[in-house]
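Sequence lines set the chain letters: A, B, ... in the order given, protein chains first and strands last, and positions in each chain run from 1.
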2 protein chains.
Amino acid sequence: MELTERKKKVLRSIVDLYIRTAEPVGSKAIAEMPDMKYSSATIRNEMADLTAMGYLEQPHTSAGRIPSPAGYRLYVDELMLDYRLSMDETQKISDAIESKMQQVDRMVEKVAKLVSQATDLPAISVASRHGGATVKRFELILAGSGSFILVLMLSNDEVVNKLIKLPLDIAEADLKLLAAVLNATLTELPPEGITPELLDRVMRSAGAAASLVPVVVDFTCDTLRKQERTNMAVAGQMRLLTQPEYRDIDKAQRIMTSLDEESLSNLPAIMQNANGTQVLVGPEHVAQELKDTSVVMTKFDIGDGMHGMIGVVGPTRMDYAKVTARLSYFAESLSKMFAKPDKPQLPEGDKEN
Amino acid sequence: MELTERKKKVLRSIVDLYIRTAEPVGSKAIAEMPDMKYSSATIRNEMADLTAMGYLEQPHTSAGRIPSPAGYRLYVDELMLDYRLSMDETQKISDAIESKMQQVDRMVEKVAKLVSQATDLPAISVASRHGGATVKRFELILAGSGSFILVLMLSNDEVVNKLIKLPLDIAEADLKLLAAVLNATLTELPPEGITPELLDRVMRSAGAAASLVPVVVDFTCDTLRKQERTNMAVAGQMRLLTQPEYRDIDKAQRIMTSLDEESLSNLPAIMQNANGTQVLVGPEHVAQELKDTSVVMTKFDIGDGMHGMIGVVGPTRMDYAKVTARLSYFAESLSKMFAKPDKPQLPEGDKEN
DNA sequence: CTTAGCACTCAAAGGCGTTGAGTGCTAACG
DNA sequence: CGTTAGCACTCAACGCCTTTGAGTGCTAAG
């Protein structure tokens, strides 16, 4: 059967309305919409066709229609009118992003929170690196008797520190020596490059501070390994409860439990060779429990050999247009922010609903 | 009327059972309990008395009884058999705490998560300082052209750093000078002690690095002020959904929304002159929405002029014995951990359910 | 003082008819 | 030939009623 323009229009109207109301939509409701020039009977015929073609579904005989996964797919791919952010929304998002952050893991959490706030849905935020980081420089700073601060400057411009307490006293000169040795031997090395032999060499050159080497190196390896891992955060799970389809607590709970870092760990893999915004409708993606759920994810580059991903999880009928608009905007803002760390440039918003 | 031993025993049995089942308990159920030597009729009489005395309530005529707030209060204060943590639970908590943390805000979040996990309820974690912190030492470390790292060692042994990028090149000597000046003039000062005059003095002494002063001082003041604020985190809100009384989504949602940092900001004030574990039953505490909820909080000292608080939020019928046991254990573990930062000593657990 | 017995109460659960939104089909219309 | 009015049909949702059974208070006997 042919998918005529009129059929498309009807389908779009149905999805639009369903997104708003979360209830099966009937022929009459569509026929009464402002720019729909046909009667309910005609719409009914079209709806019957669309159902036959697999774009709509009927919960039961005497109910209206709801979009099928295929229907959503078509909607997302072709039919969706893009949603422009209103001035107000733009402003809010910009303001939020202004509060700058430094450490990646913190940032990921913060971003997840912001996205969740902006969409009123549970949100996921991921930052992953293409390659691992190395230490660019070690600094050891004496901090009173028996303790010192280890500062690691990493190749990706992150800075990590740790206060280390030790039972013995350390002279400043010894620390200086140790720092010099570390900088000479262990910089620019991936964690697996720090071999026992190398460690042995450092120990022997370190003189009085040799006893500090293990704890310093341990922390360093830990940190580097942590940098390799992708950072992921989930926020706003409770917002799922505002959606009518999750009034059923058991359902809500089932989904909530699969909204944690572990369960979603395969998401980055799925998005691997995607770019821009992806809409994963219902059964398309692997996470078991998320059957009647959709995930909208946007991937973006943030330089330094890293890319970020933000996304939201919601009912399949969620307002894709709105959500994708906001996500894209967010992604763009974040990209810009990373390009110029301390002065996020924000795109101009357009006012319109 | 006299509160006889038998009445107490009946009351305890009722609360115990109600805690387990979340359903009104009837006379028969109590009479059938293993060490209850009286018939249901006798129990009924006692229950009638307890109701008259205000310790029990009846949702409707032909239903069993549920404890009133006064009943819970009596239970918590006198009747509760203390719950010893099983080996297994002890082990889990210890293991979790072993993973050491440094920054207070991170730690607070982590602790909230752990407590929530351990109790299967939403948890709150607070760390607050009696007095503000000051900077013990400034360090400026060159990190490539046009950027450097500012490291602040605070009086409470926290270390904070920030990578600062600037358009102009800075010589290492200039940084050294600036650091010396900062250390000479701005250490041991509360944020409000950093006056414009002082700032002016620093600027003039700083030579080539004068342009860096504002950004450095800004960050410093920010950090100090942040240290003053009490850190609070809430975790595991979703766990509320496992409780039968929150099967009603609206109810659950209402409570969830008041489970954020802002809404709970007056909690520390309420706990101010309490020490040890406090059980706030139902109407006793101020947070509006939390009417039919209880909050169990434990306050503990963690040295460095700080104290911590951990607590959980749950239905009034929650298993106080279990919850308070776990909280106390946690609090003790945390205290010890802070006393000896890198080697948390854990109390011995006793196996028993 | 304790307990068996009994009449009473009332929320919860199940059965049942009504309602109304929505459908598919057909026949008439432009 | 596409469009539309009309009509019979379907079925979840709703409200109403009855039944059920857990639980109570009271009384009288042990």
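- Partners of A:E32 according to the side-chain contact (heavy atoms from CB on, under 4.5 Å) rule, which considers only residues two or more places apart in sequence or in another chain, are A:K28.
- Taking every side-chain heavy atom of A:H60 into account, D:dA12 is the closest of D:dT4, C:dT3, D:dA12.
- Under the salt bridge (charged side-chain N to carboxylate O under 4.0 Å, His left out) criterion, the residue pairs touching residues 35-44 of chain B are B:K9-B:D35, with sequence neighbours excluded.
- A side-chain N or O of A:T298 and one of A:T277 form a donor-acceptor pair less than 3.5 Å apart.
- When the side chain to side chain donor-acceptor pair (under 3.5 Å) test is applied to B:T324, no partner is found at least two apart in sequence or on another chain.
- A:S13 and A:D16 share no side-chain donor-acceptor pair at under 3.5 Å.
- Other residues, nucleotides and ligands contribute at most 12 non-hydrogen atoms within 6.0 Å of the NZ atom of B:K113.
- If you measure from atom OH of B:Y38 to atom P of C:dT2, you get 6 Å, rounded to the nearest angstrom.
- For A:I66 and D:dA12, the CD1 to P distance is 14 Å, given to the nearest whole Å.
- Taking A:Y72 as the reference, nothing meets the side chain to side chain donor-acceptor pair (under 3.5 Å) condition, with sequence neighbours excluded.
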Strand DNA chain C as a dot-bracket string - pairs counted if Watson-Crick or G-U with both distances under 3.5 Å, | where the partner lies in another strand: ||||||||||||||||||||||||||||||
Take nucleotides 17-24 of chain C nucleotide by nucleotide from the 5' end and write B, S or -, depending on whether a protein heavy atom sits under 4.0 Å from the base, only from the sugar-phosphate, or from neither. ----BSBB
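- From B:I14, atom CD1 reaches atom OG of B:S27 across 9.0 Å, with rounding to the nearest 0.5 Å.
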